[in-house]
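No hydrogens, no waters, no symmetry mates; every other heavy atom, side chains included, goes into these values. Lettering follows sequence order; numbering is per chain, from 1.
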2 protein chains.
Amino acid sequence: MKNCNEKKSEHLNCSIRQILDRFGDKWSILIISTLGHVGKQRFNELNQQIGDISQKMLTVTLRSLEADGLISRTLYPEIPPRVEYELTDLGRSLLPHIEQLALWAEQHMEAILKNREKYAHRVGFG
Amino acid sequence: MKNCNEKKSEHLNCSIRQILDRFGDKWSILIISTLGHVGKQRFNELNQQIGDISQKMLTVTLRSLEADGLISRTLYPEIPPRVEYELTDLGRSLLPHIEQLALWAEQHMEAILKNREKYAHRVGFG
DNA sequence: CAAAATAGTTACCTGTATGTAAGTAACTAA
DNA sequence: TTAGTTACTTACATACAGGTAACTATTTTG
């Protein structure tokens, strides 16, 4: 972010930094893609869907996604309370790009892991 | 990564975790996109292009990208030494997806920032 | 002899993102 | 009165990604 509009940084560089700043954390993208996949979800449903996220990080990440207008939060003032989270249009507009990346991963991650092994051998045994 | 092939996790979820594990760091994507943009580059050229990366993180990130077969490293044994980094085909195949994300950022980041402000007001004075 | 240049390596330190565990409100059911 | 439910909040702890700065090898130049 810092060196945007300074010497070397073009649009692309700057946009990528924004993406990384906003979505480089551990859970945002995963929550967006989960909501995109299953539609509306309650807090505990999301918690179970994702499986290994802590309550705290789920709350924190949902809040920041809501603040940025990527998801909407609807509270039904019942007892016990019910809250439903859903992607907004803005959030949904990000989905296809995430899915493209996931597709790329499916297609190429095996190759990457093999390269990594080869490299380890080259370095390890010269 | 942990809960892939456990209960709730489908392909998508799992692929996204792989992407985040591999490319969620601060510099990998930026280096790939820089190399994609300018082509072959030397160590110090990259350092200056990016501007605010430390020598250490440039070395570390270049090494791991090389290990995964995303970039190639060519050493010319001159004095002083010259080293050139370049995207491999595998690395190049990731470029369009990165650019799609960058484009999305250009188009929507302003809206996100506005939402964030609104939300801060709602919370702060609501 | 000293300085400069390239492409790093190494030791050390710190901030922050994340995790853990307990607490909260409000009500229901036994 | 005890436990259970939902959707959190809060306090506390920590690991690791990343930063800083010094050091390295090798040769040319002055």
Nearest-Å distance for atom pair [atom1]/[atom2], residues [X] and [N]:
X     : N      : atom1 : atom2 : result
B:M57 : D:dC16 : CE    : P     : 15 Å
A:L20 : C:dT16 : CG    : P     : 18 Å
A:D21 : D:dA17 : CG    : C1'   : 15 Å
B:D25 : D:dG19 : CG    : C1'   : 15 Å
A:L46 : D:dC8  : CG    : P     : 10 Å
B:W27 : D:dG18 : CH2   : P     : 9 Å
A:K26 : D:dA15 : NZ    : P     : 14 Å
A:Q48 : D:dA7  : CD    : P     : 10 Å

Checklist entry - Step by step, would you call B:D52 with A:R17 a salt bridge (charged side-chain N to carboxylate O under 4.0 Å, His left out)? => result CA-CA 12 Å; B:D52 57 349; A:R17 284 171 191 258; 3.0 Å; yes

Next on the checklist: Show the nearest heavy-atom pair for residues A:I98 and A:I32, with the distance to one decimal.
Outcome noted: CD1-CG2, 3.9 Å

Next on the checklist: Tell me whether the count of non-hydrogen atoms from other residues, nucleotides or ligands lying under 6.0 Å of CD in B:E110 goes above 12.
Outcome noted: no

Item to check | Contact pattern, 5' to 3', of nucleotides 1-9 of chain C - B, S or - by protein heavy atom under 4.0 Å | outcome: -----BSBB

Checklist entry - Mind checking whether A:F23 and B:W104 have parallel, tilted or perpendicular rings, split at 30° and 60°? => result perpendicular

Next on the checklist: So does A:G69 get a backbone contact from the side chain of A:T88, meaning a donor-acceptor N/O pair under 3.5 Å?
Outcome noted: yes

Checklist entry - Looking at residues at least two apart in the chain, or sitting in another chain, which of them share a side chain to side chain contact (heavy atoms under 4.5 Å, CB included) with B:K56? => result B:S54, B:V60

